[in-house]
2 protein chains.
Amino acid sequence: MTLDYRHQPAVTLAEVAQAAGVGESTVSRVLRNHGSFSRKTRDRVMEAVERLGYVPNRIAGTLASAGSRLVAFVIPSLSNIVFPDVLRGASAVLEANQHQAVFSVTDYDPEREEALVAAMLAWRPTAVMLAGFEHTQGTLKMLRASGCRVAELLDLDGTALDLAVGFSNRAAGRASAEFLLRRGYRRIGYVGHDLDRDTRAAKRHDGFCEALGAAGAALAGREIHAGPSSVEGGRLGLERLLARYPDLDAVYFSNDDMALGGYFHCLARGIPVPSALALFGHNGLDIGRVTPQPLSTIRTPRVATGQVAAELVVADAPPQAVDLGFELIEGATA
Amino acid sequence: MTLDYRHQPAVTLAEVAQAAGVGESTVSRVLRNHGSFSRKTRDRVMEAVERLGYVPNRIAGTLASAGSRLVAFVIPSLSNIVFPDVLRGASAVLEANQHQAVFSVTDYDPEREEALVAAMLAWRPTAVMLAGFEHTQGTLKMLRASGCRVAELLDLDGTALDLAVGFSNRAAGRASAEFLLRRGYRRIGYVGHDLDRDTRAAKRHDGFCEALGAAGAALAGREIHAGPSSVEGGRLGLERLLARYPDLDAVYFSNDDMALGGYFHCLARGIPVPSALALFGHNGLDIGRVTPQPLSTIRTPRVATGQVAAELVVADAPPQAVDLGFELIEGATA
DNA sequence: ACAAAAAATGGTAGCGCTGCCAAAAAAACC
DNA sequence: GGTTTTTTTGGCAGCGCTACCATTTTTTGT
């Protein structure tokens, strides 16, 4: 029995050249539509390409010409919709520009990030896209030495290596606090997830506290749910927080997933929102606009971050930081 | 002003060999830990690697050895959490086996899929992973000729090219209908999204209708929301469906996103669930377990699909179809 | 101590393509 | 008609690495 599911040798450019009765470089020129060739030659080559079912080998092409047109994404998670959103924005731009997206998932672990960046660099990508600015020394050193473009996304509070695209999480945290204060809330709690791993959530938290402090206030209580953010974590987190601090009048969540969980908790327990308890999230997920009461939150430019980063990379733009800002959505839960 | 953000020449294996005072092949053997070499040589090589900051060039390595260890995902969408889930499962396995994930997004367009598959094949991937069995003739031809492994995911109703991993959407649709019938619902409606594009949702719909028919029943009404599935689409869809068919006692949604929208509509309008209207979804998203009433739905093996497909590919397993099944979650909305 | 076996190492021919250069063919000019 | 230009074309040297083979060094056996 033949193992016919295994690899078969592929057609090469030399075979196409032979079949078309022209030189290899001519085939190469025709296929890349680069340099000059006659109409007649073009047809002959294309006919052979069709007939043989030739698929160019980009591995070889890249090696010969340098410039892989590969863009590497090293992202913390795929569960948190934020990162698929970034990938979505970027992938549209990259595909339109004949670039190819490659990715790995770090699980918010800087050591893992370092290992994955090393693996990525082996592909000699055009650019490496990372989340935020917090990386190990090893990661930074490799990236600097690599000579490839680096884009750090979804953060602006820190020092960029090369390109940075996103918004200030600290400012978002501040804006959230100022909004709640403006609305008259004073006994404000926080429900978050693992802040050591998610440094951007930590920056929002810090900005939030900073703005509270500036107004002479402070967090009245805090509950950290172990593990990554999730709707369930938000629900449990709020339940625990309220058990300890029953008289809160508002809660700031580390993101919309968590906030939705909190909202569901209120719905289930019959806690009137926002009259008895106001809720405020972060991210501006679509789902938050369709809940019985739209979620009060901050909409972040996730897809745009991917798009802009990809555009800068394909255009080989000079190093820069692009602030895409954020938008406060008043909603109805605060 | 120097454009120092541009590419700088990278260290090559030959330079490392020179610096370590050994031959190129020795360096190659040490780095891949393949073949034999003395402890002393190993240390000398590693020292040089460290000192020069050498990063192997996998483009060259792949060309020389064949076998790119690249796995290509051509997926319909990144907005629908289903696909990030599959990627997540697969990426963990691939990373553990020194493989690299590459992806492109088709937007549910078969023509685009064909173009993207062609682009992917140029990278000579170890395998190409696709959603479902519905592909253009061109896509099928290319994949067959490519000699690389092909895995068709999240569907089992059709003829596989090579590997297939997932569950039967038709059976899931049937199981959903049987459950609702068992619960005594008879005036059942359907709210879905673009079924021409999402052929797996279409198969669930067909299975659902089939089971209704087998019980002498039929869909009492149907509302199709234009565009991809979304929570908002579900909410609007249910609203429109109820406007036309006010006396339904249950609604089947094309997936959980849509069902959540429907649930929010009921919450907002004060429609008692499930006493006045039962709701049933598909996918078993985490969020559906945390809503005030857990969503009645079918949990699909999304992460496992990615995992198993990746495992089969790295193990170079023979062609086969793997049924990962699905699990009906009774929930509280039906 | 000498032969035989095993381990360690280096040289080099490609992998399939692109870039450069020179040669050939076609077009344009006086 | 005989150049001078311009357009097409083919040849071939790498890109950086791995696979294979030959050679050298070390270990083992008697």
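Proteins get letters first, then strands, A, B, ... in listed order; numbering begins at 1 in each.
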> Could you write nucleotides 21-28 of chain D as a row of B, S and -, 5' to 3', where a protein heavy atom under 4.0 Å of any base atom gives B, of only sugar-phosphate atoms gives S, and otherwise -?
Replying inline: --------

Counting side-chain heavy atoms from C-beta on, which of [options] comes nearest to [X]?
{"X": "A:Ser36", "options": "D:dT8, D:dC17, D:dT9", "value": "D:dT8"}
{"X": "A:Ala60", "options": "D:dC17, C:dG10, C:dG16", "value": "C:dG16"}
{"X": "A:Arg32", "options": "C:dC17, C:dG19, C:dG14", "value": "C:dG19"}
{"X": "B:Leu63", "options": "C:dG16, D:dA19, C:dC17", "value": "C:dG16"}
{"X": "B:Ser25", "options": "C:dT12, D:dG10, D:dC15", "value": "C:dT12"}

>> Side chains of A:Arg42 and A:Ser38 only: does a donor on one sit below 3.5 Å from an acceptor on the other?
In response: no

> So, B:Glu114 and B:His135: side-chain donor and acceptor under 3.5 Å apart, yes or no?
Replying inline: no

> In residues 37-54 of chain B, which ones come under 4.0 Å of DNA chain C, going by heavy atoms?
Replying inline: B:Phe37, B:Ser38, B:Thr41

> How far apart are the C-alpha atoms of B:Thr62 and B:Arg69, what are their side-chain angles, what is the distance that settles it, and do they pass the side-chain hydrogen bond (donor to acceptor under 3.5 Å, both in side chains) test?
Replying inline: CA-CA 8 Å; B:Thr62 297; B:Arg69 293 186 159 251; over 6 Å; no

> Hey, what do you get for CD (A:Gln307) to CZ (A:Arg302), rounding to the nearest 0.5 Å?
Replying inline: 12.5 Å

>> With a 4.0 Å limit, can you tell me whether A:Ser28 has a side-chain N or O closer than that to the phosphate oxygens OP1/OP2 of C:dT18?
In response: yes

>> Both B:Arg124 and B:Val22 contact DNA chain C. Taking the nearest nucleotide for each, which residue is further toward the 5' end?
In response: B:Val22

> At what angle, to 10 degrees, do the two end axes of the helix from C:dA1-D:dT30 to C:dC30-D:dG1 meet, given five pairs define each axis?
Replying inline: 30°

